[in-house]
There are 2 protein chains.
Amino acid sequence: MTTTLRDRRRRQTEQDICAAALALFEQHGVAGCTSDDIAAAAGVSSRTFYRYAVTKERAALLVQADIEDAFEAGVAALRPTEPLLPQLESLWTEVLRRHENGRSASGRQLRSLYRLLRTEPTLRAAAVAVDDERRAGFTALLAELTGAAPSDPTPRVLVEVTTAVVRAALDRWSEAMDDPATYGEPDLVTLYGEAVTAFRAMTQP
Amino acid sequence: MTTTLRDRRRRQTEQDICAAALALFEQHGVAGCTSDDIAAAAGVSSRTFYRYAVTKERAALLVQADIEDAFEAGVAALRPTEPLLPQLESLWTEVLRRHENGRSASGRQLRSLYRLLRTEPTLRAAAVAVDDERRAGFTALLAELTGAAPSDPTPRVLVEVTTAVVRAALDRWSEAMDDPATYGEPDLVTLYGEAVTAFRAMTQP
DNA sequence: GAGCATTGTGGCAGTGACTGCCAACTAGAC
DNA sequence: GTCTAGTTGGCAGTCACTGCCACAATGCTC
């Protein structure tokens, strides 16, 4: 067993905190509950709540850490000599498909989160902030992988643009949950595919 | 005179607050000064400081409001029937050129801000949050302008992608200021041009 | 399985960011 | 001049977050 007891505990309390935050945010709104409330609901002291969550809002964002970890791992496994844009696009497709499962617990939590993002500006602010941090990591990784010169804009543009398309898809996903009339059954992978198509259409007229 | 005295006062204190925030952030770091400090330096009470700045960090971000206002105005003046991507790209070029002036006061403040963004994570978090808010506005405007269906991903993708390229350029700009050895004389418009070139290269292999 | 090193946890006190409320003021309209 | 609406300042209060320290649990080693 490579995972020690401490590791498992750690992951467990992390999940507890995240679940508690999502539940309370949904029930009372972000402004309607305190960090102490979340900590208590997760069965943990206020102090350790902050050790895990760093910020009240970020507690709810822990669900998507897995996704971004998966993407980062995928970036490390790219083939730097072949065209990167299509590789990154199919990597995103793969990652999104694997995590969007509406039947798994984390899949449902992910939906909760993105529903909340539409109505909770402070939560959204936190989300874009962590997103930005992660992007910096992706960019550094990609730059190292391709051996690009530090002044070469390519890695940055690549990361910024591909994540921009993903963001467009995620925003539509959020919207679709509150408004199923306009969209049909909202399926994240499909929405991402449509965003990629729109992207292609606009770059090749 | 269409601008009333109140308007002028308002703009003045806004600039005072912004200038004070930038100065203190540069001198003592964001964590090294309180919102009261900034308010006092701007000659205003703590209460009205928050009325203008909303957030301690956002005080410094008021400099770039002009730029985003200019871009938004430009979006409203686009020709919806012609290809939008090149229009948006030249709009950004235009807007950046007009505001990057290193000799004007606001131009120097803009540089200060972007230098700070590299070293101050909380400031950067606030910056990406306001950026996100503005993008939502751009997207809504563009959607209305083109008369796209609400389920059409095109406006969103368009805004996300074009701003993504700008962000890549701005990040390199920040970096260039602290490291003039790697880059030559950092010129924002040039950097943006290079980012656009990289973008083209990666979409048309 | 006892003892030691490492890591995780809780409690507490303190700082400071932000808000609601109200009272005083000031520009603008007539 | 006066009335109205927008603007400001001063509290007082809440709550997010942090540093510090004592204590507990885990993992390692013999």
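Residue numbering restarts at 1 for every chain, and letters A, B, ... go by the order of the sequence lines.
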Less than 4.0 angstrom between a side-chain N/O of [X] and OP1 or OP2 of [N], yes or no?
X	N	value
B/S45	D/dT8	no
B/Y52	D/dT7	no
B/T55	C/dC18	yes
B/R10	D/dT7	yes

To the nearest Å, how far apart are [X] [atom1] and [N] [atom2]?
X	N	atom1	atom2	value
A/D7	D/dT26	CG	C1'	11 Å
A/L5	C/dT7	CG	C1'	12 Å
A/E14	C/dG8	CD	P	12 Å
B/D37	C/dC18	CG	P	14 Å
A/D36	D/dC17	CG	C1'	11 Å
B/R8	D/dG6	CZ	P	18 Å

Worked check of salt bridge (Lys or Arg N to Asp or Glu O under 4.0 Å) between B/D69 and B/R134: CA-CA 9 Å; B/D69 288 344; B/R134 297 303 306 243; 3.0 Å; yes
Quick check for you: among [options], whose closest atom lies nearest to any side-chain atom of [X]?
X	options	value
A/T34	D/dC17, D/dC15, D/dT26	D/dC15
A/K56	D/dA16, D/dG19, C/dT7	D/dA16
A/R47	D/dT18, C/dC18, D/dA16	D/dT18
A/R9	D/dC17, C/dT9, D/dT26	D/dT26
A/T48	D/dC17, C/dG10, D/dT8	C/dG10

**Study point:** 5'-most by nearest nucleotide on DNA chain D - B/T13 or B/R6
**Key:**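 Mapping each residue to its closest nucleotide by heavy atoms, the 5'-most match is B/R6.
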What one should report as the nearest heavy-atom pair of A/Y50 and A/K56 is CE2-N, 4.1 Å
The residue among B/D36, B/I38, B/T13, B/D37 that forms side-chain contact (heavy atoms from CB on, under 4.5 Å) with B/F49 is B/I38
